[in-house]
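Comments concern the structure below.
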Amino acid sequence: MLVYIYTQIQNIILAESGLINALTLAVLLIGLFLLILFVNVLKCIINSASSNAFVCDTQLKVKRVFAVNFESDKSFLKEKVDLLTCLQAYADEKSLIGLNEKFEALKAGKVEGIEHLISDKTLEKHFKLNIRKQKQIFYTDFCGSISDVSDIVNEKNFISDILDSFPCPVYVKNFTQGNKYVFSNKYHSEIICKKQKGFITYDNGRHDEEIFDKATSDILYEIDAEVPTTGDALKELIPLVDNDGEHKTFYSFKIGQIRQNSDKFVFGICFNVEDLLLAQRNLQSTADKEKIINDCLRLLLSSYEEKFVYEEIVALVGNALNSDRCYIYKFDFEHNKMPNHSMWCTEGIEGDAPLNFTEQGFKDAAGLLKEIKFIKIEDISRDQSPIAKVIKPVLDDRGIKSILIYGIWNKDEIIGFIGIDHVKTVHAHTNFEETILKSVASIVEIFIQRRLVEEKVEESEAQKRMILESLDLPVLLFNEDANLVFANSA
């Protein structure tokens, strides 16, 4: 007779496959839509024309203003006044952050030009400031322009609002310019790049090495280098570790595009699949558990000898859990010992000798196991629990570093245990290992109770035969098919 425990997982697998296909289609459609929006914005930025120009001296003091045609406050650039002073009187304070540092680098000759996005105090108008060094015959000036880019910024903010509503990272990188982030939605900024809040632009774009550890940033760079520019999507399962040490796994879709200035841009959208992977691991773990339990049941419900059954079980469990040893011990309360009943050892590990408890040590260990039901010790050299102190001398004698034990019971009496141990390295036992040992211990208990019942039946049958044999009258016994099964000597 065979008894199998199983779970119907086919529907789960089909549902999971369907979910992945649906996600793939949805992501490609979303990606195409967002890519079109991004391209339009990038075109606006590249093709925007300046409508206001000025000239500054080497200290960035305004010398002359040309074509001032702003609809509001037409004269905020004052001749013979520092450019920064003019901007401070007109622009929002936050939009000027970092501008003075750029000015100093420009005056010191560290850069040939600068760009900066500023907003007026109402935050309704937005301008792009562009300054470049211009060498004349006898002197050097700085020529600049201020372009009204309010429509571009508003459209970009509109796209930003759309992207921020997505519960997954969406971003664009300029791979040619050091693989720097050009755009990123709120999810990417706050969940992946926790140090960067809000929308990433050219002015405050960051690189992967500023966000992730070096190994991760190198992997991302290699992946982005392979992103095709033919319209095909590169799909990758990417494990990430951010600067906070948190592990995240994303299923990423990336599309490349070459712009008019020959820069390669990478558009990416990805989904956090950590929960899906966890579900897959749990599904596999459940299948592995069921296989081990089914194999144990098959052995325990067979007609094999008890010794053979136990030897097969410890080999099965030991191999499945990758332990150094696995064993089943039965208690001998009459002599206060634990004779080795069955043991399996991995290659290179000795295990013939039983655990050598003293008489008092056996009593203490058996008493504590009866009280706490199971023993789990990750590192015997550091564990200070009462049970660790009792069994430490025996474990040290066998070189055991980690051990996991579950008691085997016959009704309310503990009669032995099943356990695994590790002698090569310290081992942190998993929930999977605990579940398997606990389940197998319960199955062994059923096996023992079944054998006890069989022994009682056999004893009763022997007594019945003895009585029938003692009768002087002929006695015949037939089964339900009318076949003779017993006849006494009379």
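Bear in mind that the values here come from a model prediction, so they are computed numbers and not experimental data.
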With rounding to the nearest 0.5 angstrom, report the [atom1] to [atom2] distance, [X] to [Y].
| X | Y | atom1 | atom2 | answer |
| --- | --- | --- | --- | --- |
| K373 | I414 | NZ | CD1 | 8.0 Å |
| F374 | F417 | CZ | CZ | 15.0 Å |
| L369 | I375 | CG | CD1 | 5.0 Å |
| Y327 | I403 | OH | CD1 | 3.5 Å |
| D421 | M343 | CG | CE | 7.5 Å |
| I420 | T346 | CD1 | OG1 | 12.5 Å |

Mind checking whether [X] and [Y] have side chains closer than 4.5 Å, heavy atoms only?
| X | Y | value |
| --- | --- | --- |
| K401 | T425 | no |
| I380 | I400 | no |
| V423 | R398 | no |
| F333 | F362 | yes |
| I415 | F331 | no |

Next on the checklist: I need the full list of salt bridge (charged side-chain N to carboxylate O under 4.0 Å, His left out) pairs touching residues 406-417, with sequence neighbours left out, sorted by first then second residue.
Outcome noted: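 Found K370-E413.
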Tell me every residue that passes side-chain hydrogen bond (donor to acceptor under 3.5 Å, both in side chains) with [X], counting only those two or more places apart in sequence or in another chain.
| X | result |
| --- | --- |
| E445 | none |
| K264 | none |
| S385 | D383 |
| N282 | none |

How far apart are the closest heavy atoms of [X] and [Y], and which atoms are they?
| X | Y | value |
| --- | --- | --- |
| I269 | F267 | CG2-CE2, 4.3 Å |
| G98 | H116 | C-CE1, 4.5 Å |
| G407 | A441 | O-CB, 3.8 Å |
| C296 | V440 | SG-CG2, 3.9 Å |

Please list, chain by chain and in numerical order, all residues satisfying side chain to side chain contact (heavy atoms under 4.5 Å, CB included) with [X], sequence neighbours excluded.
| X | value |
| --- | --- |
| E434 | K376, L404, Y406, N431 |
| D364 | Q360, V390 |
| V394 | L355, F357 |
| P386 | none |

Tell me if a side-chain donor or acceptor on [X] pairs with a main-chain N or O of [Y] at a distance below 3.5 Å.
| X | Y | result |
| --- | --- | --- |
| N179 | Y221 | no |
| E433 | T430 | yes |
| H422 | A428 | no |
| D324 | K424 | yes |

Next on the checklist: Holding to salt bridge (charged side-chain N to carboxylate O under 4.0 Å, His left out), I want the full list of residues that pass it with K438, two or more places apart in sequence or in another chain.
Outcome noted: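 Testing K438 for salt bridge (charged side-chain N to carboxylate O under 4.0 Å, His left out), a comparison that skips the adjacent residues, returns none.
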Checklist entry - Which residues satisfy the salt bridge (charged side-chain N to carboxylate O under 4.0 Å, His left out) test with D396, sequence neighbours excluded? => result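 Testing D396 for salt bridge (charged side-chain N to carboxylate O under 4.0 Å, His left out), a comparison that skips the adjacent residues, returns K392.
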Do any side-chain atoms of residues 308-319 form donor-acceptor pairs under 3.5 angstrom with protein atoms, and if so which ones, sequence neighbours left out?
residue : atom : partner : partner atom : Å
Y310    : OH   : E306    : OE2          : 3.3
N319    : ND2  : A315    : O            : 3.0

Checklist entry - Is there a side chain to side chain contact (heavy atoms under 4.5 Å, CB included) between W344 and S323 once you walk through the steps? => result CA-CA 10 Å; W344 169 90; S323 62; 3.9 Å; yes
Next on the checklist: Using side chain to side chain contact (heavy atoms under 4.5 Å, CB included), reason through F432 and D288 one step at a time and then give a plain yes or no.
Outcome noted: CA-CA 9 Å; F432 177 78; D288 292 341; 3.9 Å; yes
Checklist entry - Hey, what's the ring geometry for Y171 with Y181, parallel, tilted or perpendicular (30° and 60° as the breaks)? => result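 Ring orientation, 0 to 90° scale: perpendicular.
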Checklist entry - Would V182 and Q177 count as a side chain to side chain contact (heavy atoms under 4.5 Å, CB included) if you check the C-alpha gap in whole Å, the side-chain angles of each, and the deciding distance to 0.1 Å? => result CA-CA 10 Å; V182 178; Q177 301 298 325; over 6 Å; no
Checklist entry - Passes side chain to side chain contact (heavy atoms under 4.5 Å, CB included), I443 versus I293? Steps please. => result CA-CA 8 Å; I443 294 172; I293 293 173; 3.6 Å; yes
Next on the checklist: Any salt bridge linking K173 with D208? Criterion: basic side-chain nitrogen under 4.0 Å from a carboxylate oxygen.
Outcome noted: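 A salt bridge links K173 with D208.
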